[in-house]
Amino acid sequence: MSMKLPFFKNKKTETNTLNDLDNIPQHVAIIMDGNGRWAQKRGLPRVAGHKEGMNVVKNIVKAATNNNVQILTLYTFSTENWKRPKSEVDFIMRLPKEFLHTYLPDLIENNVRIETIGEFGALPEHTKEAIQYAKDKTKNNDGLLLNFALNYGSRFEIMRAIKQVMTDIEDSKLSLDTLDENIFSEYLYTDGLTDPDLLIRTSGEQRLSNFLLWQLAYTEFWFTDVLWPDFSEEIFQNALHEYQQRKRRYGGI
Ligand code: FPP
């Protein structure tokens, strides 16, 4: 039986036009901003923008796979987003289930692994269940790592790491003398992941909004005025092209 792969079809030819195949950002992080404004401009409720944004996620997963990006981290819900109206929060919390219901077979077929960063335990049961199921089903895949930042806040992450470091020092599992940047990184949600090479933020805003403050120390930033629901594989490709023109010096000359 041949399986329908709606968003990976023609995967070799469709979007990969990069020339410098050695200089692909391994890890791309995206702040998917502008859903609400996209909807309001059309006289639609804000949540219509989130729904459309979910469909864009599928396109960008495809583009990332086609371009041999290894990790795609998407800022899906921040610790501050709980302040939004309950109806909007509830809507966003249903999207992972909807997304996975539609696309999990394709993701599995295309070797994508699903993970999250953030306070997973505090998510609604139905959101956790859907994501945990997808994590379990994809845990042995070694293609693109699709990493949802969900209930994620960077300052909280760093405080949480500091508390765990202090506990481990008290319990003599760690010594203050050996603690360094590498060891500290292991206490972050991103343990085991390379730092992002490229950060994309849509919608014209140019701030980090408590996203990956430690991990973005040497990341290249790329901003676009395009609202997330209008973001496309082509624009993603443009960002990768521009990344390839950058000279990364990591503080050297
Ligand atoms: C920011 O736009 C966007 C969010 C807080 C939600 C992001 C969620 C998605 C893109 C869909 C999630 C998809 C999956 C697959 C689970 P905003 O609402 O702050 O926009 P605004 O600045 O125009 O108000």
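Both counts, for ligands and for their atoms, begin at 1 and track the order of listing. Side chains are part of it too, since the values below use all heavy atoms of this structure and drop only hydrogens, waters and symmetry mates. Not measured: the values here are computed from a predicted model.
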*Asks:* Please list, in number order, the atoms of ligand 1 under 4.0 Å from a heavy atom of His50.
*Replies:* 4 (C), 6 (C), 11 (C), 18 (O)
*Asks:* Return a table of donor-acceptor pairs under 3.5 angstrom between the side chains of residues 214-221 and protein atoms on other chains or two or more places apart.
*Replies:*
{"unit_1": "Trp214", "atom_1": "NE1", "unit_2": "Ser185", "atom_2": "OG", "d": "3.3"}
{"unit_1": "Gln215", "atom_1": "NE2", "unit_2": "Glu157", "atom_2": "OE1", "d": "3.3"}
{"unit_1": "Gln215", "atom_1": "NE2", "unit_2": "Glu157", "atom_2": "OE2", "d": "3.2"}
{"unit_1": "Gln215", "atom_1": "NE2", "unit_2": "Thr190", "atom_2": "OG1", "d": "2.8"}
{"unit_1": "Thr219", "atom_1": "OG1", "unit_2": "Pro196", "atom_2": "O", "d": "2.7"}
{"unit_1": "Glu220", "atom_1": "OE1", "unit_2": "Arg246", "atom_2": "NH1", "d": "2.9"}

*Asks:* Going by the order shown, which atoms of ligand 1 are within less than 4.0 Å of some heavy atom of Phe99?
*Replies:* 15 (C)
*Asks:* Hey, is ligand 1 close enough to Arg46 that some N/O pair sits below 3.5 Å?
*Replies:* yes
*Asks:* Keeping to residues at least two apart or across chains, list the salt bridge (charged side-chain N to carboxylate O under 4.0 Å, His left out) pairs with something in residues 135-149.
*Replies:* Glu115-Lys135
*Asks:* Taking 4.0 angstrom as the limit, do Arg248 and Asp197 come out as a salt bridge?
*Replies:* yes
*Asks:* Nearest heavy atom to atom 18 (O) of ligand 1: which of Arg37, Glu205, Arg84 does it belong to?
*Replies:* Arg84
*Asks:* With rounding to the nearest 0.5 Å, note down the distance linking CD in Glu80 to CG in Asn151.
*Replies:* 9.5 Å
*Asks:* Please report whether ligand 1 has a polar contact with Trp228, defined as an N or O pair separated by less than 3.5 Å (distance criterion only).
*Replies:* no
*Asks:* Side chain or backbone, does Gly36 bring an N or O within less than 3.5 Å of an N or O on ligand 1?
*Replies:* yes
*Asks:* Please determine if Arg42 and Glu52 form a salt bridge, counting it only when a charged side-chain N lies under 4.0 Å from a carboxylate O.
*Replies:* no
*Asks:* Looking only at protein heavy atoms, identify the closest one to atom 6 (C) of ligand 1 and say how far it is in Å.
*Replies:* Thr76 O, 3.5 Å
*Asks:* Tell me which protein heavy atom sits closest to atom 10 (C) of ligand 1, plus the residue, atom name and distance to 0.1 Å.
*Replies:* Asn35 ND2, 3.3 Å
*Asks:* Got an N/O contact under 3.5 Å between Asp33 and ligand 1?
*Replies:* yes
